[in-house]
**Q** 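Please read through the structure below; I'll follow up with questions.
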Amino acid sequence: MPKKRKAEASGDIVQVGNKLISLEGYLSKKPRKDIAAPGQSDPVAAGAVSAASSPPALTSSSGSRSTQIPVTASSSASSPLTGDPQFFAARQSLPLWTRRDEIRGILRQKDVLVLVGETGSGKSTQVPQYLFQEPWCRSRKVKVKAGAGTEEARVGGMIAITQPRRVAATTLAHRVSREAGTPLSEHNSGGGGANGAVSKGLVGYSVRFDHRVPPGTKIKYLTEGMLLQELLRDPHLKQYSAIIVDEVHERSVDVDLLLGFLKQIVSGDKAGRGGVPLKVVIMSATADVEGIRRFFSESVSHSPGSQPSLMPKSGTSVDFLQIEGRQFPVDIVHTPKPVPDIQQALLKLVFKFHTEEALSDKHGRKDILAFLTGQEEIEAAQKLIEEYASTLASNLPKLKVFPLFGQLSMEAQHEAFQPVKGGFTRKVVLATNIAETSVTVPGVRYVIDCGKAKVKQFRPRLGMESLLAKPISKSSAIQRAGRAGREGPGKCFRLYTEETYETLQETDLPEILRTDILSAVLTMKARGIDDVLSFPLMDPPEVESVEKALLHLHILGALSDDGSITETGRKMVLFPVTPPYARVLLAAAEAKYDCLLEAIDIISCITAGEDIFLQLRSEEAKEEAEEYRKELSRREGDLLTYLTTMQLYAAENTDRAQWCKDRKIHVRNMKQALNIRKQLRGLCVREGMMEPPPPDPQPFTPTSPEQAAVILKCFLKGFALKTAILAPDSSYVTSHGKHVVAIHPSSVLHGQKKEAIMFLEHVYTQKNYAKKVSAIQASWIADALEE
DNA sequence: TGAGAACTC
């Protein structure tokens, strides 16, 4: 117990999904003093293993496990069979270990394996290590089909394992590289790994802006998006012998596309791989496996790169394994009657638990995690709980509330993972869905579930999306409850009745059915999928959604009249932005607009993930930042404001972090924006769209109103459909669809009346809102659509 | 007067 607590108290390790994640460089800038010196053991990693794979009660109760494993424990050198001996015992204690021969056996005979492994089974770290020495996992020189003829090529040798999130990919790679005995050196540390700078290694990773694939890499962790990019370059994934798709149950758009492409490779002819089969392992945390099995078992009518064949290929035979997880029991309680007021019910439950339950037991702390829908609800609940807590008798333990949502700064998020200071205090974490999949809060033994989550849904007919709180699925409710049983027996209180639970959908709607599939369709077209509607998808979107996307791509010039991809479309897929932004970049390079650097600056800010501007809710925060923000904001609207911000930021030569703080700008997002700017500039230079720009810092010169107009006209090439005209009654009516929209309060144009506006986002929340708004002239809209 | 969570050559 003390050992485990220590590892967690370092704050470096939390769980992400069912895996351990190092928060180093993610939540804290604090140097790691607990990194092992060369040749010594690494206490953080060792503690992490026991924390992840074996809850303390299980390890201490199984006496046989405490005996040393004789195989390699005495050997100090790592062998490829066992990896680093100091991790070997822990690896052997994982539930997956006894199944490793079964897994190998299946994959020697079949190409597809579906592996359901519950939380804590260790599948993300272990499965690739079981497979990389298999006979089918060798690189071979073969003749592959290339165009009309054949050519010699190396096929196979590597295993890719995909993750939905970047932190998961990088931290798993670090973890597994240590287990394998060839640690990746710590980032920018100049030799923090066991051998200093490692020149060769079995394990690598690849995520945007961060690639570490040492020579000899056999196991490569990457994001789903990264593997999709690789697919565009090499449709047959020739360098791989196997692809492991992890966290499939999250059903991101990217994973759905990947499964489609993988199905085509597996069930198509193997000429493009010189006859070498590709093994596919699908890993999921939920047992909803029948859909995946059916998906791979059904035949496809054509293989990648070839025309649809009249002779359907036979389906692939799929095997299935279920691995037991390690989870403590969780008592689930529903409310007997529907709850009229979530906030009141939450308050009551928090204090009931707080006053009746001990602060900790033999399993550790007993903290509370409540799932709410959004920032507003969380902040209201926080205020309520804090007010009530201040009235508690002084002999009772204290209560400290931590909000947790994506828009919080890294520092604020970090606090929710730390044990509270002062032993006589209980932690209450009020979180959005971020705590359901992306991060795990240690110490939680009591979960309160409001039964809802905000969900984004795209409405193809209206060309807009909505973001509204909706009932969660059963699978999501089970996932939330499970968060109470990670470290000891727990309790989950649901703020809805059992009858309501029974009416919930089994699973969440996959993202591909909820979002704009514009990018997905262009990706398919670029990969040579002529008939997008027949591309194999587990959950095909409505025909209407696909048609809308095709039409939109045609308007953007990415598709010709017959639906084939154009040269413009081929250029658009080269950029890591959605098609409308890619179209703007191409237009900006034309002599007519000639504003590529400016367009890149703006698009970098917008696509940097979350908004670079922190939301200023309180009046005092607004006043504080107002003076500074004045120099950024432009009367032409948000786009020119982004441009000015990026230009001033890039010109800033002294303390960029302080510069951001003064202006209430998200430091991390701004850094990301600068990275994207560099990447886009590089791509534009490579594509011959511009000369290499001079390096920063460049002196700031304000954009003239004339130049601003050119930039906005250029953006209309991508967003002509997202415009609205001021009506006589002072509302804005969209030129496409004739809906009334209001300018979102986050816009610098909020509350202003302009002849016409262009907006890059269109979201229904409380109202129909236009976001990222610019003032334009009505006549520009027709001009942009004409050519 | 208001923003669930990710991701890209």
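None of these values were measured; they are calculated from a predicted model. Computation of the quantities below employed the complete heavy-atom set of this structure, encompassing side-chain atoms and omitting hydrogens, waters and symmetry-equivalent molecules. All chains are named by letter (A, B, ...) in the order of the sequence lines, taking the proteins before the strands, and each is independently numbered beginning at 1.
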**Q** According to salt bridge (Lys or Arg N to Asp or Glu O under 4.0 Å), who are the partners of K772(A), at least two apart in sequence or on a separate chain?
**A** E761(A)
**Q** Students often get this wrong, so: under 4.0 angstrom with heavy atoms, is L467(A) touching a base, only sugar-phosphate, or nothing?
**A** base
**Q** Answer with base, sugar-phosphate or nothing: what part of the nucleic acid does R166(A) contact at a heavy-atom distance below 4.0 Å?
**A** sugar-phosphate
**Q** Once salt bridge (Lys or Arg N to Asp or Glu O under 4.0 Å) is applied, do any residues pair with R494(A), and if so which ones, sequence neighbours excluded?
**A** none
**Q** Rounded to whole Å, please give me the gap between CZ in R677(A) and C1' in dT8(B).
**A** 20 Å
**Q** dG4(B) P sits how many Å from Q766(A) CD, rounded?
**A** 10 Å
**Q** Out of dC9(B), dA3(B), dG2(B), which has the shortest distance to the side chain of Q375(A)?
**A** dA3(B)
**Q** Tell me: CZ of R233(A) to C1' of dT8(B), nearest whole Å?
**A** 11 Å
**Q** Looking at residues at least two apart in the chain, or sitting in another chain, which of them share a ring pair (Phe, Tyr, Trp, His ring centres under 6.0 Å) with Y240(A)?
**A** none
**Q** Return the set of residues passing salt bridge (Lys or Arg N to Asp or Glu O under 4.0 Å) with R634(A) (not counting sequence neighbours), or none when no residue passes.
**A** E636(A)
**Q** Has Y769(A) got a side-chain N or O lying under 4.0 Å from the OP1 or OP2 atom of dA3(B)?
**A** no
**Q** For E506(A), give me all partners under salt bridge (Lys or Arg N to Asp or Glu O under 4.0 Å), at least two apart in sequence or on another chain.
**A** K474(A)
**Q** Closest-nucleotide mapping onto DNA chain B: is R514(A) or F575(A) further toward the 5' terminus? I mean the 5' end.
**A** R514(A)
**Q** Is there a donor-acceptor contact under 3.5 Å linking the side chains of D729(A) and S731(A)?
**A** yes
**Q** Students often mix this up, so state it plainly: with edges at 30° and 60°, are the rings of Y496(A) and Y501(A) parallel, tilted or perpendicular?
**A** parallel
**Q** What nucleotide among dA3(B), dC9(B), dA5(B) has an atom nearest to a side-chain atom of K456(A)?
**A** dA5(B)
**Q** Using ring centroids (six-membered ring only for Trp), state whether Y581(A) and F719(A) fall under 6.0 Å.
**A** yes
**Q** Starting the side chain at C-beta, find the nucleotide from dC9(B), dG4(B), dG2(B) nearest to H744(A).
**A** dG2(B)
**Q** Of the residues in residues 222-230 of chain A, which ones touch DNA chain B at a heavy-atom distance under 4.0 Å?
**A** T223(A), G225(A), M226(A), Q229(A)
**Q** On the side chain of R165(A), is there an atom forming a donor-acceptor pair with the base of dC7(B) - under 3.5 Å, no angle test?
**A** no
**Q** I need the CG-P distance between D246(A) and dC7(B), as an integer number of Å.
**A** 15 Å
**Q** Using heavy atoms to find the nearest nucleotide of DNA chain B for Q457(A) and K767(A) separately, return the residue whose nucleotide is more 5′.
**A** K767(A)
**Q** Taking only the side-chain heavy atoms of T432(A) (C-beta and beyond), determine which of dC9(B), dG2(B), dG4(B) contains the nearest atom.
**A** dG4(B)
**Q** What integer distance in Å separates F371(A):CZ from dG4(B):P?
**A** 15 Å
**Q** Just how far, in rounded Å, is C1' of dC9(B) from CG of L231(A)?
**A** 14 Å
**Q** Quickly work out the K771(A) NZ to dT1(B) C1' distance and round it to whole Å.
**A** 13 Å
**Q** Check the distance between dC9(B)'s P and R527(A)'s CZ and give it to me in whole angstrom.
**A** 17 Å
